[in-house]
Structure formats: C-alpha cells, structure tokens
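Below is one structure, written out as structure tokens; comments come after it.
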Amino acid sequence: MAAILTQLPDDGTQQSASWRPVNASALPAARESASPYDRAIGVLLPAAAFFLSWWQVGRLPNANLTMSDMILIVCTLLMLVSRGLNARMMGRMSVLWVGGIVMLLGGMLVGSTMHGDFTRWPVVAGQYAFALLLIPMVLVNCTLPMLRKAALAYVWGVAVSQAVGIALVNLFSRDMINQYVNKYVVTGNGRLGAFTGEPNSNGAVCVFALIFLLHAVIERRLRPFVAVPLALVIVAGMVYSASFTAFATTILSIGFILALSRIRTVITIALPVLLVVGAYVGLGGPVPAVFEQRVGDAVVSGDPTKAGTFVGRSVLIEEAWQMSGDNLLIGLGSDGYRKASAYGMPVHQLYLLVLNEGGVVSFLGLCLMFAAMFVHGTSIAGRSRTDGVCALALLGVFFLYAMSLPHMFARMWNGPPMLMFALASAGAGAATLSMTRRPAWRSQAEPSEPERTSEAG
C-alpha cells in the first residue's frame, strides 16, 4: 500500500533565505486537487463528520457500523485508488503510535488465545484498527480545506442532534419518543441521549464540538452570528444530558484553550461568555431538574459521589484493581472481564479494563499511544499555537473520558480526536510555510520578515 509522506518540515523550523520552496501542488495540504476522486472525497468527508456523533441513527442492527463509518469506507477506497494512504498519521510519533496499537491488540490476542476464547478478538481488533489506523491515515492525507469543512460539519451535526433531541424532550412524552423515534433519545430519568444513544456519550460529543467550534472562532473561520447560536444549542444539549464528566471537562478544556490564547482572544470570547453565564445564573434562569440533581449538587457540595452513578462505578473500579494482580502477564482476553466479573459487566475505566484483558503489555501500549499523541500535540503547538492547544485540549478530554468508560473503539469517541489532530497538523504545516522567509532569488527590496497567521505560535 503506497503511503504519501508529507514534505513539510517535521520540526517546523524556519528555513534560511536561500531555501528553495517546495512546489505547492505536491503537498496534500497545500491545495485541493481538481481530480474527480478528490472532489468526491471533499463532499463525502464532511458528510461523514456530520454523522459522526449519530451512533444510534442509521446504525446497522446489532453491529457497530454507522452511516459515518460507511461513508468513511468509501472515502478510503477512493483515496486508495487515487493516491494511496499516508502512514504518518502522527508525524514523527507515527512509529510509536503504531507500536502502541500493536501492543494493545497483541496483549489481548495472547489473553484470548490462552483462555481459549478467540471469537471476540477479531471483532475488537478490527474495530480498533479501523478507528485508530485506517481513519487517521485517510484524514492526514486530506487537504486543509477538506479538514476545515469536516470540522465545521461535525459541529453542525452535533448541534442538529441536540436541537432535535431537546425539541422532542420538551414537546412529547417519553413513551411517544420511544415508540416513534428511538428509545435511546431520552432515558427514564429524563436525561438526553440524543442521537448517540446514551447521556454520557452525548455530553462527550458536545464537549468535542465546543472545542472544534472555539477553534474555528479563534481562527476567524466562523462568524459570531453563526457561532453563538451553535454554541447555545450545544451547551443546552450538554445541560440536558446532565453529565458531570461533560460539565467538568468543558470547564477544563475551554479554560485551557483560553489560558494559552492571546489576550485579544480572551477579551473577545471569554469575557462575554462569563458575563452571559453570570447574568443567567444570577437571574435564576431555568435549568433542567435532572441537571440540578446529578451535576448541580455535586458542584455545589464538592462531593463527586453525588454525581449520578459515581458510587456504582467506583465499586467496579475497586474490583478491577483487585483482579489486575492476577492478570498482569496473561490477560483475560477481549471481553474476558465481563465474564470474570462478579457483576457481569466491564469496568468503566479503560486503563484498568485494558490491564485486565491484555495484561501489562496492552496497558503499556495504551499509555504509549497517549504519549505519542501528547508529544505530537506539543510539536504542533510549537508551530501554531491555536492548532496545538486545541489538539491538546481535545486529547485531554479524550484521556479523562477514558477514565470513566470501557472500550472506546466507537468512532464517535475516537473520531473527533483523530480529526482534530489531522486538522491541527495540516494547519501547523500551512503556518510553517507562511512564516518561511522569501527565497534568495526574489528581489532584495522585497520585505523578508515572515508572514504569520493570526494565531500562529
């Protein structure tokens, strides 16, 4: 399989004045090709991103294959026919990234083989390989305009799902929603699952979408009169999902991005948001009762045990920690924890689940993958502040959610981080080219100071 390697300098260092510029037409991120394949990918990729969070809508029955997945498969085939895939999905960290995936799946393979239950491993391995190898290779080979359109399409997809879900919750009874729409849109206690099918997942996609939205606003690719309504709908969806994890990670990730942004960005974005939120809370604006019960009480009291199912999850975590001592060398195999657990369900903590099912080899592989993403994100931040900071913020959200959920191979979980890293890498590459001094054969009278993007590092 052919792999197209980017010609951008990996370290992002500025070249000397005698540097000879690379032909822009040879760079995948430099411009959109006019070939029919690329035009088709340019339409299909945003469509896949739009449906990325719609896990319960259009999904094949009893299969983890959604509309977004099927569109991405078509994009993969078109790219294979046109120019192949890019094996540098994490830049210089690609070898470590692939090595981590091999260790993650290899440990589970050994555990499944040793316990005589091999049937689930091909399914789990296939899901992880599709999500963490194939999709990143497709995304990193797309042009910057394609990725920007896909990022905005993802924001619109999340916003539309929240708008529909909120409208259904307020206009119809739960029985009518279950009968005519989907039984996962709203839970028994009134929490919004929207099109993800589960409130915690719905809260997560809202956090991801807000980061993409803030990234577009900082780069001035989305005007305020469009960004503000989108943000309000997404935040409302997150509130209706009543997820403490979503609420906490939103505060942390947005705060992280703004803290490392320029003063101008903080003044134009953070201050108006704080004023609006303060006024809403001060005037006693309405908040869903389920949000007050599950999130409000935990925030006010500072006691996380009041945040819904925290206590039940802690019991599973304690059990997984006690079991891990017997599974360090040879794990329980793919989905083996469910059978071994006294509660008959996987522990909602990805790191402990991987440690028990794949042993220390799988656990170290997972850690290596996160380390590769972190190093790649810091490298991007060195070339373009906004791109790198947003990538690291989204990685932080993904890392924190991995501490409260089991296997996360569904694309609604890992698709947004892969899209953000591809977008950030392409944006940093464009910023590197724009900051490079003009070549020596140009007139010496021309200015030689580097051009910077609005938020380049």
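We're numbering straight along the sequence, starting at 1.
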Review point. So, Ser384 side chain and Ala381 main chain: donor-acceptor pair closer than 3.5 Å or not?
Key: no
Check your understanding: Does CE in Met114 sit with more than 12 non-hydrogen atoms of other residues, nucleotides or ligands closer than 6.0 Å?
Key -> no
Revision key, fill the gap. Closest non-hydrogen contact found for Ala428 with Asp387 is N-OD2, 3.6 Å
Check your understanding: Do you know which of Leu192, Val239, Val186, Leu171 makes side-chain contact (heavy atoms from CB on, under 4.5 Å) with Ile166?
Key -> Leu192
Practice item. Evaluate ring-ring contact (aromatic ring centres under 6.0 Å, His included) for Phe398 paired with Trp413, printing each intermediate quantity in order. Key: CA-CA 8 Å; Phe398 185 62; Trp413 286 112; 7.7 Å; no
**Study point:** With sequence neighbours excluded, residues passing side chain to side chain donor-acceptor pair (under 3.5 Å) with Trp55
**Key:** Asn64
Check your understanding: Can we call the ring centroids of Phe370 and Phe399 under 6.0 Å apart?
Key -> yes
Check your understanding: Is there a side-chain contact between Leu133 and Val98 (heavy atoms, below 4.5 Å)?
Key -> yes
Check your understanding: In terms of heavy-atom contacts, does CG of Leu77 have more than 12 from other residues, nucleotides or ligands at under 6.0 Å?
Key -> yes
Revision key, fill the gap. Residues Val158 and Ser53: closest non-hydrogen pair is CG2-OG, 3.6 Å
Point to revise | Distance, nearest 0.5 Å, that separates OG1 of Thr249 from CZ of Phe244 | key: 10.0 Å
Point to revise | Within 6.0 angstrom of Phe409 CZ, more than 12 heavy atoms from elsewhere | key: yes
Revision key, fill the gap. When every non-hydrogen atom of Met412 is compared with those of Pro416, the smallest separation belongs to O-CD, 3.5 Å
Exercise for review: First locate atom CZ of Phe208, then atom OG of Ser253, and finally report the distance between them rounded to the nearest 0.5 Å.
Suggested key: 9.5 Å
Exercise for review: Return the set of residues passing side chain to side chain contact (heavy atoms under 4.5 Å, CB included) with Arg148 (not counting sequence neighbours), or none when no residue passes.
Suggested key: Leu144, Glu219, Arg221, Leu423
Check your understanding: For Tyr351, does the OH atom sit with more than 12 other heavy atoms under 6.0 Å from it, leaving out its own atoms?
Key -> yes
Revision key, fill the gap. What one should report as the nearest heavy-atom pair of Ser241 and Asn202 is CB-ND2, 3.8 Å
Exercise for review: Indicate whether any N or O donor in one side chain lies under 3.5 Å from an N or O acceptor in the other, for His407 and Glu357.
Suggested key: yes
Review point. When you measure from the side chain of Thr196 to the backbone N and O of Gly193, does any donor-acceptor pair fall under 3.5 Å?
Key: yes
Review point. Tyr337 and Pro346: which non-hydrogen atoms are nearest, and at how many Å?
Key: CD2-CA, 3.7 Å
Check your understanding: Would the number of heavy atoms belonging to other residues, nucleotides or ligands and lying under 6.0 Å from CZ of Phe256 be above 12?
Key -> yes
Exercise for review: Could you grab the distance from atom CD of Gln127 to atom CG of Leu132, nearest 0.5 Å is fine?
Suggested key: 10.5 Å
Check your understanding: Under 6.0 Å from the OH atom of Tyr184, do we count more than 12 heavy atoms belonging to anything else shown?
Key -> no
Practice item. With sequence neighbours excluded, tell me which residues meet salt bridge (charged side-chain N to carboxylate O under 4.0 Å, His left out) with Lys339. Key: Asp117
Practice item. Count the heavy atoms belonging to other residues, nucleotides or ligands that lie under 6.0 Å from CG of Leu271, then report whether that count exceeds 12. Key: yes
Check your understanding: Is there a donor in the side chain of Thr66 and an acceptor in the side chain of Asp69, or the other way round, less than 3.5 Å apart?
Key -> yes
Practice item. Locate the shortest heavy-atom distance separating Met89 from Ser94; write the atom from each residue and the value. Key: N-OG, 3.3 Å
Point to revise | Nearest-0.5 Å distance, CD1 of residue Ile73 to CG of residue Leu134 | key: 8.0 Å
Point to revise | Leu152 CG to Leu213 CG distance, which is reported to the nearest 0.5 Å | key: 8.5 Å
